[in-house]
Structures are given as C-alpha cells and as structure tokens.
Amino acid sequence: MVLVNNLGSWWWQVNNNNEFTMAVITISVVIIAMLWYTLPLSSSSQTLPPGPRSLPILGYLPFLNPELHKQFTNLAHTYGPIFKIYLGSKLHIVINTPELAKVVVRDQDEVFSNRDQTVAASTISYEGRDLVISKNNSNWRNLRKIFVHEVLSNKNLEACRCFRRDEVRKTINNIFCKIGTKINISEISFLTEANVITSMIWENTYVKGTHDSDFGAELQMVSAKIIEIFGQPNLSDFFPSLAWFDLQGIKREMLRQRNKLDKIFTRIIEDRSKSNSRKSQDGVGDNAKKDFLQMLLDLKDQKSPTSLNLIQIKNIMIAGTETTATLIEWTMAEIMKNQTVMKRIQEELEEIVGVNNIVEESHMPKLRYLDATIKETFRLHPVIPLLLPRSPSRDCTVGGYTIPKDCTVFLNVWSIHRDPRYWDNPLDFKPERFLTYEETNKWDYTGNNLNFFPFGSGRRTCAGISLADKMQMFILASLLHSFDWSLPNGEEHDLSERFGITLKKRKPLIAIPSMRLSDASLYN
Ligand code: HEM
C-alpha cells in the first residue's frame, strides 16, 4: 500500500494535470510487471557500485523524491560516495565526492564527455546537434571552439561591452521608475541577461525599431518552459520501449516550445538579412561592429562545414539566461537575509565606485567581497545541482566499480558543496571563506578544484563562464549600489528550494527598492 501511495505521489508530481495519462501509465506498468515475472532475471551487476534495493521493472522509480539532490545525498550516507540506482530499466550512477568526481571529469574526461541523450534533450537539440547536448564528436569540438574562442573571445566580449552597459542601465532606470513597489528579482535579471545576449546576437535597437513586440518577454516564457520540461522525469527515458507512446506528452510539449523558439528566431534572421542587403546597397556595413548574428550569417555565407547555426544560438540563449537569473535571485535573497553581508558589500561599492558615480565593468576586478559573496551563493545554491548528466562512451572503472557504457552519470555538486569534510560549518553563509582562499588563488570557476565547481569541469564545462561571470557581477553590483532593498511588509526571509535541472527558489524573491544615491541623474 505504501508503495502504491509512493508511486501515485511521484506520478502526480510528474504530471499533475493529466489524469488520463496517469491511468495509461498505471495500466502499462502493471502489464509490463506481469510480463517481467514470466521472464528469467539476469545477474550481471557484480562489479557495479552498491545501491538501494529496487523493484523489478520499476527499479527505484516509486521511491524517488521530488528533491532528488537531497535524496541522493542521503543515499550516499548509506551506500557510499558512489552508488547506483535503476530508474525503470535505465542505470544511473551518482558521484558524491571530489575525489571520485576527479576520476570522471579529469582522469577519464574523454570517456565521460558525452551527454545523456534523454528524449527531451534530443528533441530540443534536433537529435543532439547542438553545443549543449551533442555527443563528444568533431562537430561538437568545432562548435565549442567557435563559441569559446570567437564568439566569447576577450576581443569580442570587449567589443560588446556597450550592449551590457546599455541593458544594465535600462534595468536600473526601469527599477527607479518603480521605487517603493514590488519587484520580482528573477524576472528583471532574466530580462537583463536575455537582452544582453539578444543584443549581442542582434542589436537591440534594431529589433525594437522593427517590431512592436518584446522578444525578451517571449523568450523568457519559452526558455522557462523548456528548462522545466528538460528536468521532468520521463518514463520514455526509463522504459525506452514505451518511448513511442510519449505517455506524459513531454516530447510533444518540447516540440511545441521548439517551434515557438524557431518562429522568434526566424523573424530576427529575416529582418537582419533585409537590413544587410540595405546596408550593402548603401555601402555601409563592412566595417560595422559584428554581433553574434552577423558572425553567424558570415559563417553561413562562408559555407563553413561546421558553423554556429540557429540550433546553437537558440540553445545557448536558454543555457545562459535562466541560469544567470537564478543565481542573481539566490544571491539577493542571501544578501537581504544577512544584513552584515549587505552592509559590507555596500561599503565596498562606496569605496570602489563612489556615491556620485555609476557602476562600470571596469570596477568589477576590485569588488572582491561581492565576488566572494557570489561564490558563497554558488556553493550553497549551485544553479545546476547535479550538473548536466554525462554518459560514458565505453565501459570504464570509477572507485573500483564498473561503470557501463551509456549509463547516466550524475555529479552531485550540491552535496559536495555542503560536505563538512571539505567545508567548515558548511550550512553557514560566510563569503569570507572565499576571501581567505582566494589569496592563494584556489577558488575560481575553472573546475580545477573539485570541492567547488558550480560551472562543471573538464571538456564539457560551461562554455559561457566568461560572460556569466561578467554579467552576474555587473547586475548585482548595480542593483546594490543604486538601491536599498527590503522585503514587503509581513514577508519572512525564505530560502527553500525547488529542485529541477536548475535549482530555483521555491518562492520567487519579491523585494522593494528604495533610492540610495542622492543624485537622481545617476539613475538614467
Ligand atoms: C550562472 C550562470 C551559469 C551557470 C551556473 C552555468 C552552468 C553550467 C553547467 C553546470 C554546465 C554543464 C557543465 C558540465 O557538464 O560539466 C553548463 C554548460 C553550458 N553552458 Fe553554462 N552556466 C551559466 C551561464 C551560461 C551562459 C551565460 C552561457 C552562454 C551565453 C552558457 C552556455 C553554456 C553552454 C553552451 C554549455 C554546454 C557546454 C558543452 O556541453 O560543451 N552558460 N553551464
């Protein structure tokens, strides 16, 4: 009975708005379970890591908890730093210590640099043809090279500095117009980041001049939905023989969102192509600053065998926006709760930026306490708590156990970042710990130190770190320099989490800004 209840509650989490689907799933599972008992069991798991007992067919599915990162941490306490669980017929391996993470992302990086190709991931990436989901092959290597070394090269990032400045100033001005009212921090951060990336892809003024619609808002809705679908447990992945039925409708929904994204981007490309032909007729354009989209179109014109195409650009947008917005929301929530941290950051801003000035990117390297605060937030609230799952390209060994080809491997960063073996008083929010260590240059986002790797590590590490680092510092410094922030009357500080592919705040952070600088012209 307990089992039936658990099963029911998990399915309810999976798809709480479709009772018909649940009925179909229930019937299918019962039929398969009956068939299972008529088949002989195989016993080839001798060298696999230990793990909790599983049910035939269903594996550990009925016992899954919606807060998977915490459940995995508890299971590690029982079964050790590496354990296995079966979800349906699919084997999952969970790694919970820096020592074993090192074996995966550094010692055997090449073997573990395929992504897990779930149905949702394959659908949004046109069968793994994008930079984020692709397998480790020559196409992915070329794409990554273009993205990291051309699109996000220091030179190009420098050339796009004005886009970032314009967008952050717009956000500050926007908040200034709403002083004393409730602001949704995640929403404004998402829009700022989305506008920065979209400005870098297609110059914002140009888009605004051409369309009445607001691409940022449209993108926000579609991106949030895609991330949500991406993180949903999908029976099609756990029972590949049922995938054809798409019982939860996850593939259908992902296709719908993919089409919406296509429409937004097709409009942008068409507008740009028209503008290019106008510019060449007028004899302008050759010396113009190149944004992402222009680079993309140039590469297409060169008929390069591997180029950043629309698939790449769309998925890069999704990878960059929701993550940055989530980090900013967590950081603001922690700072508002810890008033001494808030005070220290604002003192630092007064010293480095001044009260008769606005924040510029050039101030960022000197804002060491803010940087430490962001790192401490990443430690306690890693935005992607289990990273993006990897899948080994051949059988290999980790911690003395066999890890079979094509299984799913999770790296539980959330658990490592809170492990008392590596962190003193791990549950305390203490940015100072990153100040001390940073003097020895020990903490950064490169993933070299596997006690702290919120952006992943190895060859599949986040490809957007340079932009993410700049933007999160710049947005937060500007928000905290320009305004004081308080919770609405009667609201309590709340840091509870909602697990998904990104670890969100359960309750969105709503905060009220008040003016901090006496000169109103500093808000323009
Ligand atoms: C707070 C901000 C961000 C966080 C926490 C974050 C985190 C991550 C993580 C954990 C991964 C997987 C790493 C692994 O498997 O080892 C990843 C991959 C990726 N991220 Fe980010 N990211 C952020 C911002 C961005 C931005 C701004 C962009 C681009 C504009 C971006 C583009 C990508 C891409 C393209 C990949 C796939 C790389 C590959 O598979 O080769 N990310 N990110």
Side-chain angles (χ1 to χ4, degrees), residues 95 101-102 104-106 109 112-117 121 124-125 128-137 139-148 151-152 156-157 160 163-164 186 189-190 192-201 223 227 230 292 308 311-331 374-375 377-379 381-391 408-414 417 445-448 450 452-476 501-504:
I95 308 269
K102 177 176 171 289
V104 171
V105 291
R106 305 213 74 86
D109 190 18
F112 281 95
S113 53
N114 280 343
R115 293 268 182 236
D116 188 31
Q117 308 272 332
I124 191 63
S125 64
R129 283 192 283 140
D130 82 330
L131 175 52
V132 186
I133 303 300
S134 167
K135 291 198 171 192
N136 172 7
N137 52 32
N139 187 47
W140 167 75
R141 281 191 291 278
N142 284 336
L143 287 171
R144 196 169 160 113
K145 211 161 80 192
I146 294 173
F147 185 63
V148 176
V151 177
L152 290 190
N156 214 37
L157 274 178
C160 295
F163 294 141
R164 296 191 289 280
S186 170
S189 314
F190 184 101
T192 314
E193 180 74 12
N195 279 332
V196 164
I197 300 181
T198 51
S199 307
M200 289 168 88
I201 295 174
S223 305
I227 297 259
F230 201 87
F292 282 13
L308 284 181
I311 302 173
Q312 320 306 334
I313 296 289
K314 283 185 295 191
N315 288 352
I316 286 165
M317 282 287 298
I318 293 167
T321 43
E322 184 81 0
T323 44
T324 303
T326 304
L327 181 270
I328 289 175
E329 186 179 35
W330 278 119
T331 314
I374 293 174
K375 288 190 171 124
T377 308
F378 266 131
R379 185 185 68 80
H381 313 283
V383 172
I384 309 191
L386 302 176
L387 299 187
L388 299 179
R390 311 285 184 96
S391 186
T408 303
V409 177
F410 289 114
L411 294 160
N412 193 350
V413 173
W414 186 87
H417 283 188
Y445 299 128
T446 57
N448 287 330
L450 292 162
F452 177 72
F453 58 123
F455 286 89
S457 180
R459 63 194 74 197
R460 289 313 286 245
T461 192
C462 175
I465 298 176
S466 50
L467 180 63
D469 191 16
K470 274 189 195 309
M471 283 307 295
Q472 67 211 18
M473 281 286 285
F474 194 20
I475 295 176
L476 280 160
I501 194 88
T502 54
L503 190 65
K504 307 275 296 174

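In listed order, ligands and their atoms are each counted from 1. All values below were derived from every heavy atom in this structure, side-chain atoms included, with hydrogens, water molecules and symmetry-related copies excluded.
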Quiz item: Going by the order shown, which atoms of ligand 1 are within less than 4.0 Å of some heavy atom of Leu131?
Solution: 35 (C), 39 (C), 40 (O), 41 (O)
Practice problem: Number the atoms of ligand 1 from 1 as they appear, then name those within less than 4.0 Å of a heavy atom of Ala463, with their elements. | Solution: 19 (C), 20 (N), 33 (C), 34 (C), 35 (C), 36 (C)
Self-check item: Minimum heavy-atom distance between Arg460 and Ser113, given as atom pair plus value
Solution: NH1-O, 2.9 Å
Exercise. Could you label the plane-to-plane angle of the Phe453 and His417 rings as parallel, tilted or perpendicular, counting under 30° as parallel and over 60° as perpendicular?
Key: perpendicular
Quiz item: Just by distance, do the side chain of Gln472 and the backbone of Thr324 share a donor-acceptor pair under 3.5 Å?
Solution: no
Quiz item: For Thr324 and ligand 1, does the shortest N/O to N/O distance drop below 3.5 Å?
Solution: no
Quiz item: Under the criterion side-chain contact (heavy atoms from CB on, under 4.5 Å), which of Val148, Ile146, Leu143 is the partner of Leu131?
Solution: Leu143
Exercise. Provide the number and element of each atom of ligand 1 under 4.0 Å from a heavy atom of Gly320.
Key: 25 (C), 26 (C), 27 (C), 28 (C)
Quiz item: Which atoms of ligand 1 sit under 4.0 Å from any heavy atom of Glu193?
Solution: 27 (C)
Exercise. Look only at interatomic distance and state if Trp140 has a nitrogen or oxygen under 3.5 Å from any nitrogen or oxygen of ligand 1.
Key: yes
Exercise. Provide the number and element of each atom of ligand 1 under 4.0 Å from a heavy atom of Leu387.
Key: 10 (C)
Quiz item: Who's closest to atom 25 (C) of ligand 1 heavy-atom-wise, of Ser134, Cys462, Ser466?
Solution: Cys462
Quiz item: Is it the side chain (CB and beyond), the backbone, both or neither of Met471 that lies under 4.0 Å from ligand 1, heavy atoms counted?
Solution: neither
Exercise. Quick one: closest heavy-atom pair of Arg115 and Ile133, and the distance?
Key: CB-O, 3.3 Å
Quiz item: Does Ser457 approach ligand 1 within less than 4.0 angstrom via side chain, backbone, both or neither, non-hydrogen atoms only?
Solution: backbone
Quiz prompt | Under 3.5 Å: donor-acceptor pair, side chain of Asp116, backbone of Ser391 | solution = no
Practice problem: Compare every heavy atom of Val132 with every heavy atom of Ala319, then report the nearest pair and how far apart it is. | Solution: CB-CG2, 4.4 Å
Quiz item: Once you round to the nearest 0.5 Å, how far does CZ of Arg164 lie from CZ of Phe474?
Solution: 8.0 Å
Quiz item: In terms of atom number and element, which parts of ligand 1 are under 4.0 angstrom from non-hydrogen atoms of Ile316?
Solution: 29 (C), 30 (C)
Exercise. State the atoms of ligand 1, each with its element, that fall below the 4.0 Å cut-off from a heavy-atom position in Arg144.
Key: 38 (C), 39 (C), 41 (O)
Quiz item: What part of Ile384, side chain, backbone, both or neither, has a heavy atom within less than 4.0 angstrom of ligand 1?
Solution: side chain
Quiz item: At under 4.0 Å between heavy atoms, which part of Pro382 makes contact with ligand 1: side chain, backbone, both or neither?
Solution: neither
Self-check item: Closest non-hydrogen atom pair between Phe112 and Val104, with its separation
Solution: CG-CG1, 3.5 Å
Self-check item: No-hydrogen, no-angle side-chain donor-acceptor test under 3.5 Å, Arg141 and Asn136
Solution: yes
Self-check item: ligand 1 contact by Phe378, heavy-atom criterion under 4.0 angstrom
Solution: yes
